[in-house]
Amino acid sequence: MTQKIRTRIAPSPTGFLHLGTARTALFSWAFARHFGGDFVLRIEDTDVARSTQESVEQILQAMHWLGLDYDEGPFYQMQRLERYQAVVEQMLAAGTAYRCYCTPEELDAMREAQKARGEKTGYDGRWRPEPGKVLPPVPEGVKPVVRFRNPAEGDVTWNDLVKGPITINNREIDDLIILRPDGVPTYNFAVVVDDWDMSITHVFRGDEHVNNTPWQINIFRALGAPLPQFGHVPVILGDDGLKLSKRRGAVSVTAYEEMGYLPEAMLNYLARLGWSHGDDELFSREQLVSWFDGEHLSKSPAQWDAAKLAWVNAQYLKQADDGRLATLATAQLRRKGVAVSDAQVTPAHCALFKDRCTTTADLADWLAMYFAPVAPSAEEQAQHVTEAVKPALLALAARLATVDWEKAAINQAIKDTIGEHGLKMPQLAIPVRVLVCGRAQTPSVDAVLSLFDRKIVIDRLQAL
Ligand code: GLU
């Protein structure tokens with residue numbers, strides 16, 4: 001391949017970065033990185049009513065979180081209006097575009113009449129110039145749109161990188177609006193000018209855009225611009241087999257960050273939605289880049305699998321650096337309303353519990369007992385903190401007041417206490433857990449206690 005590979009992601013800033021868009025971004029990014037090419041970020045903000053700066057910021061933040069670094073951009077379409085208008089002028093002059101003065105009412109009436117006749121609805125070409133055709137008189141006070149003069153005959157064919165060869169006949173598509181009366185271009189036109197200007201060689205996007213591609217190819221041709229290759233990635237279906245949507249759970253990358261997923265796990269999981277490398281389920285960013293050459297993209301929809309994502313995250317959590325987890329768990333504790341200062345959660349806290357967790361939010365659930373009061377259930381108290389064991393618990397509290405505050409000495413104090421009171425380990429360890437941790441099961445009790453502030457342990461034991 002001699003040409004430099006250039007891909008892009010072109011989100012519309014009308015909400016969070018959707019998981020589907022994030023996956024397309026990931027494929028585009030990995031493809032560019034694999035071939036040593038460039039990855040471009042473009043913000044498609046021409047839907048002025050629905051685009052927000054807040055959403056732009058969330059998209060940028062989510063891209064950053066996932067580590068999808070771009071070489072150029074972000075470019076904003078609303079800052080390129082003059083360029084689109086200049087291209088429209090060229091097309092008007094070349095006869096590949098024309099002004100259309102139909103009012104919205106006329107278009108509605110056109111559609112109704114077509115329906116009544118049982119015809120396919122679409123623009124009927126009344127302002128389309130043809131040799132020998134007399135156009136209607138230009139009405140006063142109507143600001144025209146500009147339409148693309150789509151070829152009337154012939155097929156549009158492309159070899160889709162994901163779906164294979166696709167052919168659409170031009171008779172099936174009408175003359176689409178490329179410039180609105182306010183001078184703002186429509187998606188199908190701006191996307192072509194941008195992909196051309198930005199020398200994009202490969203366009204990966206969701207397959208909801210397949211039907212737009214014939215128009216876009218025709219516009220590229222009308223402009224004499226080189227065609228990129230297109231790859232339309234099938235949708236992601238939710239657990240219920242329907243398209244992943246807000247109504248059926250979290251669909252934004254940011255929501256998963258907030259729920260305590262790690263970006264490397266998310267990246268790994270998203271990559272496997274509609275792409276595979278043999279049976280590999282866990283792989284690094286570097287492996288993904290070295291494997292992702294545009295092959296092995298699935299033609300069928302991918303299935304979102306929350307349980308699998310949880311499993312992937314748990315695997316990454318086990319390997320994650322404990323200092324990094326301490327920072328993430330601190331943020332999660334604060335999110336849960338537990339006040340912790342910056343260095344209070346230590347790497348040792350995270351090392352002790354991370355193997356039992358799916359997310360950093362789970363980790364924070366475990367660690368909350370160190371920084372906030374616990375509330376053991378009445379049943380567990382009644383079952384485990386019996387009258388018979390209370391003297392031993394108080395004796396342990398007294399011993400713990402003086403031992404070195406480290407695991408081995410704590411262990412010895414527990415052993416001495418069970419020896420003295422004729423108990424078995426669980427008979428003491430479980431009520432200790434219930435009182436100090438608020439739950440009957442934890443990792444090894446000496447390790448768990450050693451990470452507490454000594455005073456907290458003694459107070460909770462004595463409060464029985
Ligand atoms: N703004 C479009 C979208 O978010 C981009 C589609 C494309 O990649 O061409 O769906």
**Q** So, Y269 versus N313: side-chain donor-acceptor pair below 3.5 Å or not?
**A** no
**Q** Verify whether the ring centers belonging to H349 and F371 lie closer than 6.0 Å.
**A**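 Ring-ring flag for H349/F371: true, centres closer than 6.0 Å.
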**Q** With a 4.0 Å cut-off, would you call R80 and D197 a salt bridge?
**A**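 Salt bridge between R80 and D197, a charged N being under 4.0 Å from a carboxylate O: yes.
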**Q** Kindly determine whether D194 and Y84 satisfy side-chain hydrogen bond (donor to acceptor under 3.5 Å, both in side chains), including the steps that lead there.
**A** CA-CA 9 Å; D194 287 349; Y84 307 125; 2.9 Å; yes
**Q** List the atom of S252, the atom of F16, and the distance in Å for their closest heavy-atom pair.
**A**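 Scanning both residues, the minimum pair turns out to be CB-CB, 3.3 Å.
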**Q** Got a salt bridge between E380 and R433, using NZ or NE/NH1/NH2 to carboxylate O under 4.0 Å?
**A** no
**Q** Does the separation of the ring centres of F31 and F27 fall below 6.0 angstrom?
**A** no
**Q** Identify which one of L176, V87, V191 satisfies the side-chain contact (heavy atoms from CB on, under 4.5 Å) criterion when paired with I219.
**A** L176
**Q** Parallel, tilted or perpendicular: which one describes the rings of Y370 and F353, with boundaries at 30° and 60°?
**A**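 Judged by the thresholds at 30° and 60°, the geometry between Y370 and F353 is perpendicular.
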**Q** Taking only residues two or more places apart in sequence, or in another chain, which ones meet Q53 in a side chain to side chain contact (heavy atoms under 4.5 Å, CB included)?
**A** V56, E57
**Q** In chain order, what residues pass the side chain to side chain donor-acceptor pair (under 3.5 Å) check against D305, with sequence neighbours excluded?
**A** none
**Q** Quick check: closest heavy atoms across K133 and R126, and the distance to 0.1 Å?
**A** NZ-O, 3.5 Å
**Q** Taking the inter-plane angle between the rings of H232 and F230 on a 0 to 90° scale, is it parallel (under 30°), tilted (30 to 60°) or perpendicular (over 60°)?
**A**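 Geometry flag for F230 against H232: parallel rings.
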**Q** For the pair K318 and D355, evaluate salt bridge (charged side-chain N to carboxylate O under 4.0 Å, His left out) and give the outcome as yes or no after the intermediate values.
**A** CA-CA 6 Å; K318 283 194 223 304; D355 286 358; 5.0 Å; no
**Q** Can you classify the ring geometry of F283 versus W275 as parallel (below 30°), tilted (30 to 60°) or perpendicular (above 60°)?
**A**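 F283 vs W275 ring planes: perpendicular.
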**Q** For S12, give me all partners under side chain to side chain contact (heavy atoms under 4.5 Å, CB included), at least two apart in sequence or on another chain.
**A** T14, E44
**Q** As a quick check of understanding, evaluate salt bridge (charged side-chain N to carboxylate O under 4.0 Å, His left out) for R42 and D195, giving each step before the final call.
**A** CA-CA 10 Å; R42 179 167 79 227; D195 286 339; 3.0 Å; yes
**Q** Is R83 positioned over the aromatic face of W196, cation under 6.0 angstrom from the ring centre and no more than 45 degrees off axis?
**A** yes
**Q** Thinking salt bridges, do E264 and R285 make one under a 4.0 Å N-O criterion?
**A** no
**Q** Do R147 and Y123 form a cation-pi contact, if we require the NZ or CZ to be under 6.0 Å from the six-membered ring centre and within 45 degrees of the ring's axis?
**A** yes
